[in-house]
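Notes follow the structure.
All values below were derived from every heavy atom in this structure, side-chain atoms included, with hydrogens, water molecules and symmetry-related copies excluded. One-based numbering, in listed order, for ligands and for the atoms of each.
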Amino acid sequence: MKALLEALQPGEKDWDLAQAIDPARLPAHIAIIMDGNGRWAGRRFLPRVAGHKAGIGPVRTAVETCARMGVKALTLYAFSVENWKRPRAEVETLWRLLRYYLKQELPDLQKNDIRLQAIGRLDALPEQVRRELDAAVDATSSNRGLVVNLAINYSGRAEIVDAVNSILEMARLDGSIQTLKIDEDLIATCLYTASCPDPDLLIRTSGEMRISNFLLWQIAYAELYVTGTLWPDFTRTDLLQAVLEYQKRDRRYGGLSGAGVDVEAKPAEESLIASLRPS
Ligand code: FPP
């Protein structure tokens with residue numbers, strides 16, 4: 001949080017929000033479903049692609065703010081496997097915007113020690129996009145600050161299928177296929193996001209109450225935050241508000257809140273349990 005507070009002046013917009021955030025309880029990993037670009041454009045009688053173009057600024061803001069807060073990882077849903085169903089011109093624009101973003105932002109990513117990773121079925125990307133993406137990922141691979149995962153041609157189900165197939169392949173290669181036992185840890189280590197902790201906070205813009213095939217495995221215990229703001233309008237204020245809301249949540253992971261919860265049954269509970277005898 002120190003770097004964020006240093007970038008703000010007392011009394012400036014977002015100063016109070018940033019002050020209110022507890023640096024000891026930051027989400028380690030934030031994931032964002034950036035939705036509403038098309039509607040943002042439609043409301044302005046602009047083509048949908050204008051909404052995607054306007055979505056670049058909030059990407060930059062989210063990356064910069066997460067880096068300054070000290071968040072460890074940020075995962076952005078940039079293109080789903082289902083997005084190929086969109087008109088060719090829209091898909092083409094998304095690739096151009098991605099290339100533009102990489103070119104524009106690489107110097108800042110380097111300067112701020114940010115590591116870029118791409119997750120998804122990347123083999124299906126147009127060759128030039130793939131090449132430029134790989135180059136940006138390679139160039140930032142030794143950075144040690146915020147990790148930014150761009151989910152591109154991504155599907156949560158496909159990711160789990162790919163993980164299971166890579167486990168089978170490894171077992172075939174090392175001859176352990178007969179005795180192979182798959183458990184949660186093994187699957188988690190074979191996901192695209194294996195190097196990151198699971199997201200603590202999942203933000204979705206534009207008010208839709210859907211997960212849309214995003215990080216299905218990893219968000220098992222993520223706190224969900226849905227805002228009606230359309231992605232091109234998403235600001236640092238929105239992000240700080242989401243983090244503050246996250247810090248109000250009581251994360252129980254299926255247990256009870258509070259340290260030292262007594263797990264032994266008390267006499268009143270014992271007699272209730274005893275009365276519930278299955279016939
Ligand atoms: C969803 O809005 C958004 C996308 C499918 C693309 C997201 C792309 C960007 C934010 C710009 C480029 C990103 C990077 C990382 C360079 P939608 O089109 O489904 O909106 P709608 O639901 O209002 O139609």
Side-chain angles (χ1 to χ4, degrees), residues 30-67 73-109 112 114-122 124-126 128-137 139-140 146-156 192-193 202-215 226-236 238-239:
I30 298 178
I32 309 184
I33 302 177
M34 309 181 287
D35 194 16
N37 294 354
R39 273 162 286 170
W40 183 93
R43 286 177 195 176
R44 287 161 180 77
F45 307 102
L46 294 169
R48 292 178 52 79
V49 292
H52 296 316
K53 186 166 175 239
I56 295 268
V59 169
R60 198 178 288 135
T61 304
V63 169
E64 180 187 88
T65 308
C66 284
L74 171 69
T75 300
L76 299 170
Y77 205 0
F79 191 91
S80 75
V81 293
E82 289 81 18
N83 288 152
W84 292 104
K85 293 180 205 151
R86 297 188 176 202
R88 197 183 56 78
E90 183 171 342
V91 172
E92 179 61 28
T93 303
L94 286 168
W95 299 139
R96 280 182 185 244
L97 286 173
L98 176 62
R99 292 175 55 205
Y100 168 83
Y101 173 80
L102 296 173
K103 192 155 184 260
Q104 286 288 312
E105 295 304 304
L106 194 57
D108 269 5
L109 297 178
N112 296 312
I114 295 170
R115 178 150 56 104
L116 191 70
Q117 298 191 141
I119 60 169
R121 288 188 169 164
L122 306 175
L125 300 191
Q128 197 173 16
V129 177
R130 178 70 202 265
R131 220 179 312 119
E132 290 173 17
L133 188 60
D134 286 349
V137 168
T140 63
L146 174 72
V147 173
V148 174
N149 295 311
L150 291 183
I152 304 169
N153 196 28
Y154 177 87
S155 142
Y192 308 145
T193 56
L202 172 65
I203 299 173
R204 180 165 191 147
T205 58
S206 93
E208 306 287 358
M209 299 288 181
R210 281 193 290 277
I211 298 300
S212 298
N213 209 353
F214 191 41
L215 303 175
V226 176
T227 168
T229 302
L230 304 177
W231 179 252
D233 291 328
F234 191 82
T235 60
R236 183 176 62 193
D238 294 298
L239 183 54

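The single protein non-hydrogen atom nearest to atom 11 (C) of ligand 1 is His52 O, 3.5 Å, given as residue, atom name and distance. In this structure, the protein non-hydrogen atom closest to atom 1 (C) of ligand 1 is Met34 O, 3.2 Å. What sits closest to atom 15 (C) of ligand 1 on the protein, heavy atoms only, is Leu150 CD2, 3.9 Å. Of the protein's non-hydrogen atoms, the one nearest atom 12 (C) of ligand 1 is Ile56 CD1, 4.1 Å. Among protein heavy atoms, the minimum distance from atom 6 (C) of ligand 1 is reached at Ala78 O, 3.4 Å. The nearest heavy-atom contact from the protein to atom 13 (C) of ligand 1 is Val59 CG2, 4.1 Å.
Contacts with ligand 1 closer than 4.0 Å are made by side-chain heavy atoms of Arg86 only, the backbone lying farther away. At a heavy-atom distance under 4.0 Å, no atom of Tyr100 approaches ligand 1. Contacts between Leu76 and ligand 1 below 4.0 angstrom, taking non-hydrogen atoms only, are absent altogether.
If you number the atoms of ligand 1 from 1 as listed, the ones under 4.0 Å from a heavy atom of Arg48 come out as 17 (P), 18 (O), 24 (O). Contact atoms of ligand 1 toward Arg39: 21 (P), 22 (O), 23 (O) (distance under 4.0 Å to a heavy atom of the residue). Near Trp231, with a cut-off below 4.0 Å to any heavy atom, the atoms of ligand 1 are 10 (C). Each of the following atoms of ligand 1 lies closer than 4.0 Å to a heavy atom of Tyr101: 16 (C).
Two residues are said to be in side-chain contact when any heavy atoms from C-beta on lie closer than 4.5 Å; Tyr154 and Tyr77 meet this criterion. In this structure, the side chains of Asp238 and Ile203 stay at 4.5 Å or more apart for every pair of heavy atoms. The side-chain heavy atoms of Ile211 and Leu202, taken from C-beta on, include a pair separated by under 4.5 Å. Side-chain contact between Met34 and Pro58: absent, with no pair of heavy atoms (C-beta onward) separated by less than 4.5 Å.
When only modelled atom types and interatomic distance are considered, Gln117 and Arg115 share a side-chain donor-acceptor pair under 3.5 Å. Side-chain atoms of Thr205 and Asp35 include no donor-acceptor pair closer than 3.5 Å.
Residue Asn37 has at least one nitrogen or oxygen atom sitting less than 3.5 Å from a nitrogen or oxygen atom of ligand 1, judged on distance alone. Checked against a 3.5 angstrom limit, the closest N/O atoms of Gly38 and ligand 1 fall inside it.
A donor-acceptor contact shorter than 3.5 Å is absent between the side chain of Asp233 and the backbone of Thr229. Using a distance-only test at 3.5 Å, with no hydrogens or angles considered, a donor-acceptor pair links the side chain of Arg44 to the main chain of Trp40.
Both tests do not hold together for Arg99 against Trp95: distance to the six-membered ring centre under 6.0 Å, angle to the ring axis within 45°.
Using a cut-off of 4.0 Å between Lys/Arg side-chain N and Asp/Glu carboxylate O, Arg96 and Glu92 are scored as salt-bridged.
Counting heavy atoms only, Asn83 comes closest to atom 5 (C) of ligand 1 of the residues Leu102, Asn83, Ile152.
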